[in-house]
Structures are given as structure tokens and as C-alpha cells.
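Everything below concerns the one structure shown next.
All values reported here derive from a predicted model rather than from experimental measurement.
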Amino acid sequence: MNWKKDSRVASFWHLSKSGDKVECELCPRNCSLKTDQMGFCQVRGNVENEMHTFNYGKSVQATIECIETEAVNHFMPGAKILSMGNVGCMMSCSYCQNWQTSQVKHLDANNVKSYTPEQVVELALSNGVKVISWTYNDPVVWQEFVVETSRLAQKNGLVTLYKSALYIEEKPLAELIEVMDIFSISLKCMDAEVYKKITKGELAPVLRGIKQISDSGKHLELSQLIVTELNDDGVDARKTAIWMRENLSPDVPLHLVAYHPAFRYNKPRTTLETLFKLRDIVIEEGIQHCYLGNVYADNVSNTFCKKCNEKLVERFGLTVNVLGLDKDSNCTNCGTHSPIRKPLGGQRKLDKDYSGFNSKQNFEYNWNTEGNSLHVVMDEPNSDNIILKINRLPENKTEYIEMNSGLERIILSRSGVEDQQIVISADTTSKIHYLPVLDRAHFPVVEDNTKKKKYLN
């Protein structure tokens, strides 16, 4: 690949004292690079003794999802989000769900799009989305595009969300704090040696960054992937809970997330029993809000009033209903204030008439243990609005979803334990791919894409 094409000068770097290297100040690796040498992330490198970024605006397809996808339960429950994911990463996790795009050597350029900040914001606005989320591959190495686009998003009344493992230095994090409303941080584990072995990173900078966000007052939630035979015995969960209790507000939720075998790690998927056991441990250690993620079961991610135990928010997978909160986040039963921000801001209004819907193609999918969500992917960007009719069987519940101009991908999920099959009808003849999602952080790629677009060449 010709990495010098379509690059621009990056932020957060300096020229070495010897003058023959550039030294990165973005993540704690602090890569020191000679001319034409790339950093660990493979998307930042030395071009004639300047640090350049090679992934500005380079993204997987923008996708409409739900805010709970990002392990965010206490901000605008049920809100639609526009998920944006870059290429490259400052880590190399053994169990990476998105190794086909995070590890550049495995990258198929056909799965890469190019966006401008203006296009991202317009895509959100035209599809009625209130939140832009920086996610999938870790957005740390996308700093320049993330910051510029987030500033524009906030000027247009949009909420910004940063989903990250947070392997980042203090100054670039301070820049992010200025333009982010929500931080959802993945704390891989609390064992420094395991952290280094599995992620190729260090634990201490991550904990420092979490504390920096907490001290800023920005909305913060933590998640921890519970990986079979790695951090699933309860010791790590207890350490995490103790650290949170001693360093963060008691209102910060902890999400214990089921792992799915991927990349170079092939142990069995995390069991529900394991997650229940770890939830008991962290609650015992003082965590007030603990949720289970990547789990499609009842009573694993509901929010209850801490005083009267009224159910405030009911969740199953990505189906969310605000039941017991008023607009000011007070329990409608006893009046106790909840830590959930903008509780009614994510609820959707379904007031359109779809009686004239004309189906032109259909697809059926049987939900199973591994696949409880689907990405619906347009083969080409749609120039007109597309309507999807969704039937959920055996209850035969029906809903309609619009994909407005320029949008190529959305997520659909199992909505309850009774759901067995989803039937999708579309009012277009354009080719559509249906890709099972195996992990809520997973971005499935279209393997049979024959187009020869070379966005990175």
C-alpha cells in the first residue's frame, strides 16, 4: 500500500532531539519512528519527519444501532445512535472481535468507506439519530477525525459518545473530554501482567484515564469483558469493584460482558451462570448498578429504583422501555432521583402511516444461541428512503424501520425470550446482506464483496 497518499499531519507528536525521528504522544506506546516507518497502530507514521495520520475519515460503514449496544444504560435509554468505526488500533487483543479491520494487515479495503465530518453529521440528522458513537475498532487512533466531527456534531445539537479501551495519553484525552458527552470504557482486566499479555498494552494508563474522565464530570460507564479461563474466576471482578468503589462515583455502572470466541482466542463462550456469580461479587463489594451484556435473557439489565425497587427501565438485548421515570429522572412511584440522564430523550415516536408499504423482497432468520442480532446491510448507498417491515414470530409483532438517504447498515435484535424468528420485508430490489452479530462490539464484514474500491491506496 502507498501510505503516503491521502494522509495529513497528525496531532500529538514531536520531533526527536536528534531530528531524525518523530515521537508519538497519542497513546502510551510513544512510538519513535524513522522516515517512512509506521507506528504500532499501522495508521500513523513518519512522512518526511512529520507524524501523519492515514485513517482520517476512513471508516467501516456507518451503522444505526441502539445506545445500549455501547454498554451505556444511564443516558437516553433506547436512543438510536450512529456508530462510526475506524481502521487500525493501538492494541492487539488476542480475542479481538473486529480483527479484520483493527489489524491493518488483515484489512480488505472493500470494507472501508470515506466520510467527511459534514457527511457524518448529516447522516445522523437525516435519519433522526441523536447520538454519534465512536466505536468498534478503538477510536483512540482516529483522534483528529473524531475531535473535528464531534465538535461539528455538538454544534448541531447531537450527543457524542466515546466507546474505548482508553489506551491514550493525558493531553489527547483532555481534548476528547472537551467534545464528548458520554464515555463508555472497556476495562479489560485488573491484572497488569494479563493485561499486557492479552492486549499488548499497559493497565496503569487506562486506570489513570478513567479517573481523569471521572474527575471531569462527564458521563461515565465501565464494562469488563469476562473471558473464559482468563478473568472469569471472580478475582478480577472483585478487584475491579474495589477500585471503582475507591476511585469513582457510586453512580458509575459496571457492565459484565459475555465473551465470544474470536481471532486467536478460542475458549468457550462465557456462561450466564458465570456472569450471575460475578454480578453477586461486585454487588457485595458495593457496586450499585451492575448489568450483564451480550446476554439475551430476562432480568439481566433492568434498572430498578434504589429506594422502592420499582422497575425504572426494562431491557432485553436492545429492546428498551422506560417504565418508571419522569422527564427529570425521578421514580414515578416514590420520587427518588435516578442517576439516568435524559431518561425520555431516547424514546421513539411511531406516528407514520405505512399502510401503503409494498414488499419487494423478504428474508427470514431463526434466532439461536450464537446469533441474537443482525446487521442489515445495503449493497450500495441508497439514494432514496427504504422501508423495512419487521415481523417477529411467533407473536407476529410488526414494526417499520426507515433507512434514509445515504445509510447502508442498521442493527436488528431479538426483542424477547419468546422471539423465535424474524421476517424482514423491504420495499427495494437492491441487494441486501444479512450478517449475524456475535458480540455487541462486533462489526461483521461482507466477505463476498466483489467491488474493487481501494480507499487506502
Side-chain angles (χ1 to χ4, degrees), residues 59-70 72-73 75-85 113 115-136 149-163 180-182 184 219 313 315 317-322 325 327 340-357 373-378 380-390 392 397-413 415 424-428 430 432 440:
S59 176
V60 296
Q61 289 169 317
T63 306
I64 287 187
E65 298 184 304
C66 172
I67 197 167
E68 279 76 9
T69 310
E70 307 293 49
V72 174
N73 282 7
F75 201 112
M76 293 174 66
K80 290 198 301 182
I81 64 174
L82 185 70
S83 292
M84 303 295 301
K113 304 283 294 182
Y115 294 93
T116 65
E118 292 76 14
Q119 286 173 331
V120 173
V121 171
E122 178 55 32
L123 198 54
L125 294 173
S126 65
N127 282 279
V129 175
K130 300 178 181 179
V131 182
I132 293 179
S133 178
W134 306 103
T135 182
Y136 300 132
T149 308
S150 295
R151 285 198 182 110
L152 182 62
Q154 289 185 330
K155 288 179 181 178
N156 282 271
L158 298 172
V159 171
T160 53
L161 192 165
Y162 197 77
K163 179 76 171 98
M180 291 298 156
D181 299 295
I182 307 167
S184 178
H219 185 82
V313 183
R315 302 179 183 89
L318 302 180
T319 300
V320 182
N321 294 300
V322 178
L325 287 172
K327 63 180 179 62
I340 295 178
R341 303 187 186 187
K342 300 185 178 182
L344 306 183
Q347 299 302 287
R348 306 172 193 180
K349 297 179 180 179
L350 303 175
D351 54 2
K352 289 190 177 182
D353 181 11
Y354 293 104
S355 58
F357 175 80
S373 297
L374 284 175
H375 272 190
V376 180
V377 185
M378 303 300 301
E380 295 286 351
N382 52 305
S383 56
D384 299 311
N385 293 355
I386 293 173
I387 299 173
L388 302 177
K389 179 182 179 182
I390 313 299
R392 300 180 183 275
K397 293 182 292 187
T398 302
E399 64 177 316
Y400 293 87
I401 296 176
E402 292 188 18
M403 297 179 67
N404 293 330
S405 180
L407 183 68
E408 297 176 65
R409 188 182 285 235
I410 65 169
I411 194 171
L412 299 174
S413 294
S415 65
I424 306 170
S425 303
D427 68 344
T428 179
S430 298
I432 301 176
R440 69 180 176 188

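Donor-acceptor pairing under 3.5 Å is lacking for the side chains of Glu70 and Ser184. A donor and an acceptor atom, one from each side chain of Trp134 and Ser150, are located under 3.5 Å apart. Defined by atom type and a distance below 3.5 Å, a donor-acceptor pair is missing between the side-chain atoms of Ser133 and Thr135.
For the atom pair CD1 of Ile387 and CG of Asp427, the computed distance is 5.0 Å after rounding to the nearest 0.5 Å. To the nearest 0.5 Å, atom NZ of residue Lys163 and atom CD1 of residue Ile67 are 12.0 Å apart. With rounding to the nearest 0.5 Å, the separation of OH in Tyr115 from CD in Glu122 is 13.5 Å. Going from atom CZ of Arg392 over to atom OG of Ser413 covers 7.5 Å, rounded to the nearest 0.5 Å. Taking CG of Leu161 as the start and CG of Leu82 as the end, the distance is 11.5 Å to the nearest 0.5 Å. Separation of atoms CD1 (Ile411) and OG (Ser373) is listed at 4.5 Å; rounding is to 0.5 Å.
A donor-acceptor pair under 3.5 Å links the side-chain atoms of Asp353 to the main chain of Ser355, judged by distance alone. Listed for the Lys389 side chain is no donor-acceptor partner under 3.5 Å among the backbone atoms of Tyr354. No donor-acceptor pair under 3.5 Å is formed between the side chain of Glu68 and the backbone N or O of Pro77. Looking only at distances, a side-chain donor or acceptor of Asp181 sits under 3.5 Å from a matching main-chain atom of Thr160. Arg409 places no side-chain N or O within donor-acceptor distance of the main-chain N or O of Val60, the cut-off being under 3.5 Å.
You'll find the side chain of Val159 stays beyond 4.5 Å of the side chain of Lys130, heavy atoms only. At a threshold of 4.5 Å between non-hydrogen side-chain atoms, the residues Asn73 and Val320 do not count as touching. Side-chain atoms of Ile64 and Asn127, non-hydrogen and from C-beta on, do get closer than 4.5 Å to each other.
Cys66 and Leu318 get closest at one heavy-atom pair: SG-O, 3.8 Å. Here the closest non-hydrogen pair linking Thr116 and Gln119 is N-OE1, 2.9 Å. The heavy-atom pair separating Val120 from Ile132 by the smallest distance is CG1-CD1, 3.8 Å. Of all heavy-atom pairs spanning Ile390 and Leu412, the tightest one is CD1-CD1, 3.7 Å. Across all their heavy atoms, Leu388 and Ala426 have their closest contact at CD2-CB, 3.6 Å. Taking both residues in full, the closest heavy atoms of Met378 and Leu407 are given as CG-O, 4.2 Å, listed atom of the first, atom of the second, then distance.
Ring geometry, Phe357 versus Tyr400: the interplanar angle exceeds 60°, so the pair is classed perpendicular (tilted spans 30 to 60°).
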Point to revise | Worked check of side-chain contact (heavy atoms from CB on, under 4.5 Å) between His375 and Gln61 | key: CA-CA 11 Å; His375 272 190; Gln61 289 169 317; over 6 Å; no
